[in-house]
Amino acid sequence: MAQPFYPRKIELQVGPRKGETVYCLQPHYYGTISTKQVAEQIAQESALTSADVLAGIDRLAYFCQRNMALGYKVKLDGLGTFYNELLTTGSVNTEAEVTAKLIKSVRPAFNAEYTIVNRSFRYALLPEKTEFVRISFKEAEGTGTGGDDSSTEEDDGSGTFG
């Protein structure tokens with residue numbers, strides 16, 4: 001299994017290099033796995049039904065929301081920690097000026113569980129080694145659609161991390 005990526009063309013909009021075209025690496029995703037699909041996969045590998053798994057996921061989401069609203073972080077072993085992140089208008093000069101009025105909004109945040117091995121982060125959600133493969137999007141000949149075909153290039157700049 002590998003994480004596909006492709007080069008993305010960007011024209012710089014600010015700074016001394018404004019107008020210059022550069023390329024960066026962009027991850028490619030083949031789609032999104034739905035909660036229902038996850039539940040079906042878990043049910044196939046366990047003694048639970050898909051409905052049981054969906055009910056468990058529903059309760060997990062509810063209790064994360066409820067406990068985060070009460071000011072708790074929620075740590076799920078093997079996944080990570082969910083918590084509230086406060087987005088503020090900035091800083092003030094005195095402690096007395098620190099009030100809830102500085103908060104613009106609250107958003108949920110997540111830190112993936114990790115361990116440090118040989119001064120490197122190893123994330124629980126990733127396999128021990130991650131393979132990368134460069135893909136290209138080639139326009140389907142004669143269709144003019146821009147295509148959604150992806151194919152692995154011969155000299156693909158692929159690699160492994162971890």
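Residue numbers start at 1 and run along the sequence shown.
- For the pair Leu125 and Tyr114, the minimum side-chain heavy-atom distance is 4.5 Å or more.
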TODO: Carefully, step by step, assess Arg134 and Leu25 under the rule side chain to side chain contact (heavy atoms under 4.5 Å, CB included).
DONE: CA-CA 9 Å; Arg134 181 177 167 153; Leu25 183 139; over 6 Å; no
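- A side-chain donor-acceptor contact under 3.5 Å links Gln3 to the backbone of His28.
- We find the OG1-CG distance between Thr21 and Leu12 to be 7.5 Å, quoted to the nearest 0.5 Å.
- Closest approach of Ala112 and Tyr123 over heavy atoms only: CB-CD2, 3.8 Å.
- Between the side chain of Gln26 and the backbone N or O of Cys24, no donor-acceptor pair lies under 3.5 Å.
- With values rounded to the nearest 0.5 angstrom, Leu54 atom CG is found 11.0 Å from Leu48 atom CG.
- Proximity of Gln44 to Ser50: side-chain heavy atoms (C-beta onward) are nowhere separated by under 4.5 Å.
- Counting heavy atoms from C-beta outward, Leu86 and Lys104 have side chains that stay 4.5 Å or more apart.
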Task: Worked check of side chain to side chain contact (heavy atoms under 4.5 Å, CB included) between Phe110 and Thr81 - done: CA-CA 6 Å; Phe110 175 75; Thr81 304; 6.0 Å; no
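- Annotation for Ala124 and Gly78: closest pair CB-O, 3.5 Å, computed over non-hydrogen atoms.
- Ser105 is linked by a side-chain contact (heavy atoms from CB on, under 4.5 Å) to Leu87, counting only residues two or more places apart in sequence or in another chain.
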Identify all side-chain donor-acceptor contacts of residues 58-75 below 3.5 Å with residues at least two apart in sequence or on another chain.
| from | atom 1 | to | atom 2 | distance (Å) |
| --- | --- | --- | --- | --- |
| Asn67 | ND2 | Phe63 | O | 2.8 |
| Lys75 | NZ | Asp77 | OD1 | 2.9 |
| Lys75 | NZ | Glu113 | OE1 | 3.2 |

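- In this structure, Thr35 OG1 and Glu40 CD are separated by 11.0 Å, a value rounded to the nearest 0.5 Å.
- The shortest side-chain heavy-atom distance between Phe82 and Leu76 falls under the 4.5 Å cut-off.
- With values rounded to the nearest 0.5 angstrom, Thr89 atom OG1 is found 4.5 Å from Leu102 atom CG.
- Here the side chain of Glu45 pairs no donor or acceptor atom with the backbone of Ile42 at under 3.5 angstrom.
- Residues Tyr23 and Phe5 do not share a hydrophobic cluster, clusters being chains of Ile/Leu/Val/Met/Phe/Trp/Tyr side chains in contact below 4.5 Å.
- Nearest heavy atoms, Ile135 versus Tyr6: O-CB, 3.6 Å.
- Between Arg122 and Glu128 the shortest heavy-atom distance is CZ-CG, 3.9 Å.
- In this structure, the side chains of Gln41 and Val38 stay at 4.5 Å or more apart for every pair of heavy atoms.
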